Each structure stands twice: as structure tokens, then as C-alpha cells.
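Nothing here was measured: the structure is a model prediction, and the numbers come from that model. Just so it is clear: chains get the letters A, B, ... in the order the sequence lines come, proteins before strands, and each one is counted from 1.
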Protein chains: 2
Amino acid sequence: MTVTIRDVAKKANVGIATVSRVLNDNPAVSPSTREKVLKAIEDLDYTPNPTAQRLSLGRTHTISVILPFLTIPSFVERLRGVQHAMADCGLDCEYDLVLYGADTSERIDYLFSILPRKSRTDGILILSLRPDEIQVQRMLQSDVPIILVDVTYPKFSSVYVDNFKGGMMATQYLLGLGHHKIAFLSDYLKNVFRFSAMKDRFDGYCQALKDAGIEFNPAYHRQVPHDREQAREVAKEWLAGEHRPTAIFASSDMQAIGALFAARELGLRVPEDLSIIGFDDIRDAELVGLTTIRQPLFESGYTGAMMLLDRLRTGNKETKTVLQEIELVERKTTAPIS
Amino acid sequence: MTVTIRDVAKKANVGIATVSRVLNDNPAVSPSTREKVLKAIEDLDYTPNPTAQRLSLGRTHTISVILPFLTIPSFVERLRGVQHAMADCGLDCEYDLVLYGADTSERIDYLFSILPRKSRTDGILILSLRPDEIQVQRMLQSDVPIILVDVTYPKFSSVYVDNFKGGMMATQYLLGLGHHKIAFLSDYLKNVFRFSAMKDRFDGYCQALKDAGIEFNPAYHRQVPHDREQAREVAKEWLAGEHRPTAIFASSDMQAIGALFAARELGLRVPEDLSIIGFDDIRDAELVGLTTIRQPLFESGYTGAMMLLDRLRTGNKETKTVLQEIELVERKTTAPIS
DNA sequence: TTGAAAGCGCTAACAC
DNA sequence: GTGTTAGCGCTTTCAA
């Protein structure tokens with residue numbers, strides 16, 4: 001049925017070891033036999049069975065990427081970065097990229113417990129998901145290289161940004177524009193994915209407020225799912241309410257855009273009547289002219305994958321953490337208070 | 001080092017076959033030994049080696065998805081559909097989803113030649129890529145189930161839409177609004193990915209024009225890469241030129257949005273001075289209020305994956321084609337000519 | 001109900 | 001240089 005190494009050996013009148021040598025570019029094969037073997041391979045349209053190679057080699061030639069959803073553009077950007085790193089290393093033919101969507105806590109738990117095993121995968125990239133204590137212990141036991149992207153954790157290699165600083169930057173910027181009634185529209189600070197970025201941004205927001213001598217107003221903090229529509233609803237409540245904020249800092253661009261829609265819907269002018277700042281700088285941010293805190297999304301995946309690939313190549317086990325820079329991108333949704 | 005079935009067998013004082021039976025829910029195991037084995041598995045934190053299972057079973061437990069890029073939102077949506085279908089079938093633990101980015105013709109050729117083998121993968125979903133004659137022949141030879149999404153081809157199962165009709169719908173709609181100078185802004189009609197959708201839409205556009213007794217004006221057709229910026233440039237040329245079209249039909253929403261930007265940049269009001277219609281109905285379309293031809297993106301991936309999964313389960317080899325419905329979504333970028 | 005052993009297709013150590 | 005052979009860790013006959 002399917003062609004195996006034995007068929008090739010027979011056809012070329014050599015042993016299977018010789019075929020294997022040719023396949024693996026072992027120099028200890030005479031040019032003439034190599035020729036014969038290559039011919040047989042060609043004739044039979046033979047391809048080595050990857051599963052058999054993997055079992056024999058004890059390596060899976062597989063890189064696993066775990067991410068929450070594909071609905072959130074920032075995850076897709078990071079994933080793109082991973083793909084490109086593999087291609088740039090010329091390793092996209094060497095390694096298979098296996099994608100695991102982790103959108104429930106059960107699924108996350110399952111993946112975190114089942115995946116970090118040498119027999120499963122050669123390496124793991126975890127995007128934006130923060131493992132809990134138990135999961136961390138298990139991962140630390142396993143000898144599978146794991147890289148965290150958009151999250152840091154002691155003893156793990158990671159690529160991340162300073163979200164606290166980002167939260168401060170955004171808030172201070174609005175403060176500098178003369179805003180005092182600054183609302184913070186965020187993801188759920190506690191969530192099954194254990195995203196921590198939002199919490200850090202919130203803390204940065206609070207700190208900046210405090211530094212400016214402004215008391216934190218709980219009414220100006222609402223938590224909604226990471227979703228445009230839900231953000232819009234909440235923003236509408238704020239904007240239609242009595243103590244309307246003059247500025248909204250959203251913990252993600254998607255939510256900021258939701259707020260932008262809410263403003264439009266209520267006939268408020270942005271930035272004249274309301275300033276809005278987001279976080280991430282996804283592609284849509286440019287589209288709508290959103291002022292935001294940019295973090296390197298594509299690069300985070302790229303760098304994380306590079307670290308993993310490097311570790312796979314060198315076997316170097318030391319943990320390495322990369323802090324990426326963030327920056328304020330001023331566009332058209334923020335202005336001095338009038 | 002790693003725990004194997006032999007370790008479990010030893011610990012439970014049984015043969016490896018018995019352990020295997022327990023793993024595979026074979027009823028021919030007495031409750032008491034099953035108990036023993038389960039205990040040993042638990043104690044040793046044993047997980048079967050998937051590679052070994054695959055080799056032994058002769059199945060890879062892998063589904064391959066080939067797509068051009070993750071930069072284009074429509075592909076991501078289709079991919080999401082695939083993920084969800086797997087989860088809804090409860091098969092996301094059974095099958096690994098392997099992602100192959102195919103962004104050059106070499107890579108496409110490589111993937112199309114290497115992937116369709118039983119030893120490689122259990123099934124393949126090809127998104128938006130149209131294989132050429134040679135590749136088709138090879139695929140037809142292979143006994144790996146292949147489903148095309150966003151493409152049809154004789155003898156292949158596929159999920160697709162009538163792009164010709166879509167092209168006509170968009171054009172007729174603009175015609176109905178009184179427009180006569182309708183430009184068609186498209187992808188390259190010939191491209192390494194052999195996307196054919198754009199060509200069909202173009203043909204639909206031409207047909208609608210013809211039906212209305214309007215001669216096709218080559219100056220009103222430009223081809224650019226599937227990219228917002230490039231589309232914007234071209235649109236600007238049209239809009240700043242002498243024979244400015246009163247309407248633009250873009251072969252994708254991304255390009256339509258590029259055109260929208262161009263109009264804004266030149267101070268043209270949309271839809272008062274210029275009507276714009278796109279194709280796809282990606283999420284951004286709603287964001288900017290773009291009128292467009294909607295095709296079911298998520299559903300295409302979902303349906304394709306379902307077909308594949310079903311075929312994997314039943315072994316049913318007959319080819320099946322699903323034509324999905326498209327519809328015109330009127331938003332705020334189109335209006336009667338003034 | 002259970003265990004021994006063959007076999008999945010490959011790699012690599014070991015002989016020649 | 002090249003062939004023989006022993007694994008890699010499973011599943012699955014086939015006997016018992």
C-alpha cells in the first residue's frame with residue numbers, strides 16, 4: 001500500500017540502513033549508491049513516515065501553541081509572529097505547528113496537564129495564559145521547553161511588557177490633557193484565563209490617579225468581557241449617566257473601539273466631548289484613529305518562538321526573560337479637555 | 001525517564017496488553033484488574049505516547065489546515081470555524097490541528113506534494129488555495145481526505161460561494177443606485193495562490209455591466225495586492241483623476257476600507273460623493289459601516305471541518321459540495337447617485 | 001480474562 | 001561503505 005523504506009531498499013538493492021543514511025544526509029554513502037537510492041526514492045515517490053521517525057528519534061518535531069481565542073486580534077498577531085519565526089529559521093518544514101485553542105478552564109487545565117511531556121511535543125508556547133500554581137508545578141517537572149508570551153512567571157522563560165507602566169502612561173497622558181474624570185473600562189480582572197495584563201494596567205491606572213492626588217472612584221471602573229459589544233453597552237451607561245467621565249481608558253483596543261461606538265451612538269464627539277485611549281495597537285486602532293498604548297504583538301510571538309527554537313537547537317536550559325518596550329501612539333481620539 | 005506502558009504493567013503486575021486494554025476501554029478486563037491498572041497509571045502519572053499509538057494504529061490523529069496568511073481576517077475566521085467544529089464534535093482532544101502557512105508558491109507546492117499522505121495526516125483542509133493540475137493529480141491519488149474551503153474543484157469535496165453571483169449582486173446594486181462609473185478594485189486576478197474568487201467576482205461585475213448596456217472601461221479596473229494600503233493608493237489615483245468613478249466595488253472588504261480611507265483623505269464624503277461596496281463582511285466592515293456582500297466565513301470553516309470529521313468517522317468517500325448563500329448587507333457607504 | 005509476541009516504519013549501534 | 005539487527009512504545013492477534 002504505502003511505500004516504506006524497505007520498498008526503497010529492495011528497489012535500490014541496498015539495505016534499509018543505507019536508505020536511511022541517504023535520507024539523513026549521512027556522508028558515509030558512496031556517490032553511486034546514493035544515486036541509486038535517490039532514483040528509487042524518486043521512482044516510488046517515497047516519503048519517510050514522520051511518525052516512525054519521531055518514535056525512533058524520540059522527538060516529536062512538533063511545536064505546540066496554546067492560545068485562548070482567535071477572535072481577539074492580538075492573539076492572532078502573536079501567532080503570526082510564531083509562524084514567521086519558524087519560517088525565518090527555515091524550520092517550518094522541520095517542525096509542525098500544532099494549534100490548541102484554550103477557551104474554557106477545563107480545556108486549559110487539560111492542555112496544561114497533558115501537553116508538557118516529551119512524548120507529546122518538543123516545545124510549548126503559551127500565549128497570554130497564566131498557569132496556576134498546580135499547573136506550574138507540573139510544567140516545571142516536565143523537561144519540555146516552555147515559553148510564556150505576554151505573561152511572566154518565576155523560573156519560566158518569557159516575553160512580556162510592563163503593563164503597570166502602560167496603565168500609568170495612559171492615565172498620566174489623560175491627566176496631562178487636563179482630564180480628571182477618567183473611567184477605566186476593563187476585562188474581568190479575575191478570569192479563567194488568568195490574564196494578568198489587565199490587572200496590572202488597572203493598578204497602573206490607580207497609581208497614576210493617586211500620584212495626581214485624585215481619588216479612585218469605583219463607579220469609574222467596570223469590568224466586561226473582552227468584546228466590542230459589551231464594552232459599548234457599558235460605555236453607553238457611563239456616557240448617558242449623570243457623572244459622565246471626560247475620558248475613558250480601555251484595557252484593550254477592542255473595548256476602546258466599543259466605547260468609541262457608544263460615543264458616536266450618543267452623538268458625542270470624540271475627542272471634543274470625550275477622550276478615549278486603548279491598549280495594544282491592533283490593526284483596527286489605526287483604522288479608527290485610536291490613540292493607544294502600543295505593545296509589540298507580532299514581535300512577541302516572533303521573539304518567543306525564536307527563544308524556543310534556539311533552545312531546541314542548543315539544548316540551553318537557562319531561563320531568559322525579555323521585556324519589550326511599549327509606547328504611546330497619539331492619534332485622533334484624545335484631546336485636551338475643553 | 002519517561003513512563004511507558006511497561007512501567008505501568010510492572011507496577012500493576014499485569015501484562016502490557018492488559019494496560020493497553022484499559023487505556024482503550026476494552027470491556028474484556030475484569031473490574032479488579034482494571035482497578036489495579038488505573039491505580040498504577042494514576043500513581044505514575046502515565047500518559048500513553050501518542051507517537052507510538054499513531055505508528056501502531058497507522059493513523060496520525062492529526063488534521064492539517066493549509067492557509068495563505070493570518071493577516072487576512074477572512075482566513076482567520078474560517079480557521080476559527082474549523083476549531084469550533086472540532087470542539088463541538090468533542091474531537092479537539094482526539095485530533096491535533098496542525099497549521100501550515102502557505103505564503104509562497106514554493107511553500108504551497110511543497111505542502112501540496114508532501115502533505116497528502118496517510119503517513120502524514122488523517123485529513124486536510126485547504127483554505128482559499130486552488131491547487132494546480134499537477135497538484136490535483138497527486139491529491140487525487142492519495143487516499144487522504146481533502147476538503148476545499150472557498151474553492152471548488154471537480155472530484156473534490158468543497159464548501160464555497162457563488163462569487164460570480166456576488167460580483168453581479170454588488171454591481172447591480174450600484175447600478176440600481178444610479179451609478180454608471182463603477183470602478184472595480186481587485187486583487188491580482190492571477191496570483192501564486194490561484195485564488196479564483198476575485199476573478200469570478202470580476203466576471204460578475206463585467207456581466208452586470210454588460211447586462212445594463214454599459215461598456216467595460218479598463219481604466220476602471222485595477223489590480224493590487226490584498227492589502228489596505230495598496231488599495232488606498234490606487235483609489236486615490238482614481239479619485240484624484242479626471243474621470244473619477246462615482247462608485248467603487250472592491251473585491252474584498254480590506255480593499256474597500258482602503259478605498260474608504262482614500263476618500264476621507266481627499267475630503268470626499270462617503271456615500272454622498274462616492275459609494276463603496278466590499279466583499280466578505282469581515283468584522284471591520286461593521287466597524288466602519290461598510291456596505292458589502294456577506295459570505296459566511298466562520299461557517300465555511302465550520303462546515304468544511306464537519307465534513308472532514310464526518311468522513312474520518314464514517315469512512316464515507318463520496319465527494320460532497322456545499323454551496324453557501326451570500327447576501328448584500330447595506331450599511332452606510334452606499335447611496336443613490338446625487 | 002489475560003499474557004507473550006509480532007509488527008507499525010524508522011534510526012543507529014554494531015559488525016563486516 | 002554497507003547490511004543486520006535491536007530498539008522506540010504502542011496495539012492487536014493468538015494461545016492459554
Side-chain angles (χ1 to χ4, degrees), chain A residues 1-41 44-62 94 96 114 117-122 143, chain B residues 1-41 44-62 94 96 114 117-122 143:
Chain A
M1 187 72 220
T2 50
V3 184
T4 74
I5 198 171
R6 234 168 289 272
D7 301 316
V8 176
K10 199 176 299 170
K11 174 130 189 166
N13 262 310
V14 298
I16 61 166
T18 301
V19 178
S20 178
R21 288 191 190 98
V22 171
L23 289 173
N24 297 289
D25 286 322
N26 188 322
V29 181
S30 80
S32 65
T33 48
R34 154 164 282 119
E35 210 52 50
K36 274 197 304 184
V37 171
L38 252 17
K39 174 101 173 52
I41 289 176
L44 296 170
D45 187 31
Y46 166 76
T47 310
N49 180 323
T51 307
Q53 289 181 312
R54 289 164 191 195
L55 183 59
S56 186
L57 255 8
R59 296 188 299 123
T60 65
H61 283 276
T62 266
E94 181 105 358
D96 277 348
I114 209 80
R117 297 166 191 258
K118 268 265 182 291
S119 63
R120 261 283 174 188
T121 188
D122 289 352
D143 39 2
Chain B
M1 188 68 221
T2 50
V3 184
T4 76
I5 198 171
R6 234 167 290 272
D7 301 317
V8 177
K10 201 176 297 169
K11 175 130 189 167
N13 263 312
V14 298
I16 61 166
T18 302
V19 178
S20 178
R21 289 191 189 97
V22 172
L23 289 174
N24 296 290
D25 287 322
N26 188 322
V29 182
S30 79
S32 65
T33 47
R34 155 163 282 119
E35 210 51 51
K36 273 197 304 184
V37 171
L38 252 18
K39 173 102 172 54
I41 289 176
L44 296 170
D45 187 31
Y46 166 75
T47 309
N49 180 324
T51 307
Q53 288 181 312
R54 290 164 191 196
L55 182 59
S56 187
L57 255 9
R59 296 188 299 123
T60 64
H61 283 276
T62 268
E94 180 107 356
D96 278 347
I114 210 80
R117 296 164 191 260
K118 269 264 181 294
S119 63
R120 261 284 174 188
T121 188
D122 288 354
D143 38 3

Given side chains that start at C-beta, do those of [X] and [Y] come closer than 4.5 Å, heavy atoms only?
X	Y	value
A/Ile41	A/Val37	yes
A/Arg117	B/Thr2	no
A/Asp96	B/Arg120	yes

Rounded to whole angstroms, how far apart are [atom1] on [X] and [atom2] on [N]?
X	N	atom1	atom2	value
B/Glu35	C/dT1	CD	C1'	16 Å
B/Lys36	C/dT1	NZ	P	14 Å
B/His61	D/dC10	NE2	P	14 Å
A/Asn24	C/dA12	CG	C1'	10 Å
B/Asn26	D/dT12	CG	P	9 Å
A/Asp7	C/dC8	CG	P	11 Å

Separation between [atom1] of [X] and [atom2] of [Y], rounded to the nearest 0.5 Å:
X	Y	atom1	atom2	result
B/Ser56	B/Asn49	OG	CG	11.0 Å
B/Asn26	B/Arg34	CG	CZ	7.5 Å
B/Thr33	B/Leu38	OG1	CG	10.0 Å

Using C1' atoms of five pairs at each end, report the bend of the helix from C/dT1-D/dA16 to C/dC16-D/dG1 rounded to 10 degrees.
40°
Salt bridge B/Arg54-B/Asp122, side-chain N to carboxylate O under 4.0 Å:
no
May I ask you to evaluate whether B/Ser20 reaches the phosphate of D/dC10, defined as a side-chain N or O under 4.0 Å from OP1 or OP2?
no
Only pairs under 3.5 Å count here: list side-chain donor-acceptor contacts from residues 3-23 of chain A, not counting sequence neighbours, and write none if there are none.
{"residue": "A/Thr4", "atom": "OG1", "partner": "A/Arg6", "partner atom": "N", "Å": "3.2"}
{"residue": "A/Asp7", "atom": "OD2", "partner": "A/Thr4", "partner atom": "N", "Å": "2.8"}
{"residue": "A/Ser20", "atom": "OG", "partner": "A/Asn24", "partner atom": "ND2", "Å": "3.3"}

I need a per-nucleotide contact map over nucleotides 2-9 of chain D, read 5' to 3'. Cutoff is protein heavy atoms under 4.0 Å; write B for the base, S for backbone only, - otherwise.
BBBB-BBB
